[in-house]
Amino acid sequence: MSTRLGTTITKKIMEEQRQFPGAKGDFSGMLYELVVALKVIAYEVNKAGLMNILGQAGTTNVQGEIQQKLDVFANTTIIHKMDHTGYLCGMASEEVEGIIEIADKHPQGGKYVLLFDPLDGSTNIDVNVSIGTIFSIYKKKSNNPKCAMEDFLQPGSNLLAAGYAVYGSSTMFVYSTGLGVHGFTLDPGVGEFILSHPNIKSPPKGRIYSVNEGNRAYWDDRMKKMVGYFTDEDEATGRPYSSRYIGSLVADFHRNLMLGGIFMYPPDRKSPGGKLRLMYEAIPLAFIAEQAGGGAVNANGERILEIQPESLHQRTPLFIGSKEEVEISKRFLAGG
Ligand code: AHM
Ligand code: MG
């Protein structure tokens, strides 16, 4: 039996730290802590059917959606794992209305802010379908002793790091600090993430389109034409595309990142501003998509990473994936 474990996430983070000569290790320390929180969530998700943890917690989050018990667990796990580290000046979560400040009893003066969607795809929890956690990290901007809203409302082009965990047939952790995208698979035997997908590059052209077609009646003509394009037959351009839709953004995104294709959550009559959250979902995944050679735009064809956020829980339409399919979506969004 081989005793080789492969490259652990700790080793990879240390290697990346060495590429920033002035780095003191705070950023790396923060990532390690976050990875531990994600392992705790993965463990809990994996035994969800065994514990009396399934079902709704009976509280409603800021978006007015009913929270599942595991949402609450994931949210508090990340907050409690990160709040006493001294690395952060604050956090923001999809499940919490305002900024999560660092309590006075914990070390102050952290240089970074962490934003996260603790459990994305939460309607899939009870039915054993892949779900995940999405995160992003910015450097604190303001001179406030505590963090201020401006520290959070930064465009994605300022991101220091972003990534996600997918709790699926295995648990994967995918992240980027701007030096490419790296994917790790959790070895449950040793409880360590092992580098399984170094330097992920998304295929420049894919074969998959992902959208909730049940919303077709609410779409505008641009959207109907675009999906018509993906489903029409044309051998020269490899159409029709295949349709794949899980209903967990993070899992849909991950599959398309690996196989190539486009994920779309357009504006529609029910949600004219789109459904997904700019800060917790669109920006971090756009950062990963671009680092892997793909792209991400809103319904005006604007690059997601260039949007100046106006509020923590702002929503956005999202078209994200391989370079070619994002260009096709831009063409249709422009009315062509
Ligand atoms: P959430 O589970 O964090 O609230 O995220 C919203 C989810 C996304 O994961 C997914 O892409 C989308 O909502 C699915 O929406 P719909 O059911 O309208 O297709
Ligand atoms: Mg989500």
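Order of appearance sets the numbers: ligands from 1, and atoms from 1 within every ligand.
- Ion pairing between R18 and E15 fails under the 4.0 Å rule for side-chain N and carboxylate O.
- Those atoms of ligand 1 with a heavy atom of E94 less than 4.0 angstrom away are 1 (P), 3 (O), 4 (O).
- With K39 as the fixed residue, the salt bridge (charged side-chain N to carboxylate O under 4.0 Å, His left out) test singles out one of E192, E33, E44: E192.
- Within ligand 1, counting atoms from 1 as listed, the ones closer than 4.0 Å to a heavy atom of E281 are 3 (O), 5 (O), 6 (C).
- Near D117, with a cut-off below 4.0 Å to any heavy atom, the atoms of ligand 1 are 3 (O).
- Ionic pairing of D126 and K69 is not present here: no N-O contact between side-chain nitrogen and carboxylate oxygen is shorter than 4.0 angstrom.
- Within the 4.0 Å heavy-atom shell around ligand 1 one finds Y265.
- Partner of T177 under the side-chain hydrogen bond (donor to acceptor under 3.5 Å, both in side chains) criterion, out of Q291, Q17, E16, H182: E16 alone.
- The distance from ligand 1 to the heavy atoms of G121 drops below 4.0 Å at these ligand atoms: 1 (P), 2 (O), 3 (O), 9 (O).
- Under the 30°/60° scheme for interplanar angles, the aromatic rings of F263 and Y245 are found to lie parallel.
- Near S248, meaning under 4.0 Å from one of its heavy atoms, ligand 1 places the atoms 9 (O).
- Between S122 and ligand 1, at least one N/O pair is under 3.5 Å apart.
- For the pairing with M91, the side-chain contact (heavy atoms from CB on, under 4.5 Å) check across V96, I102, V113, L115 returns one residue only, I102.
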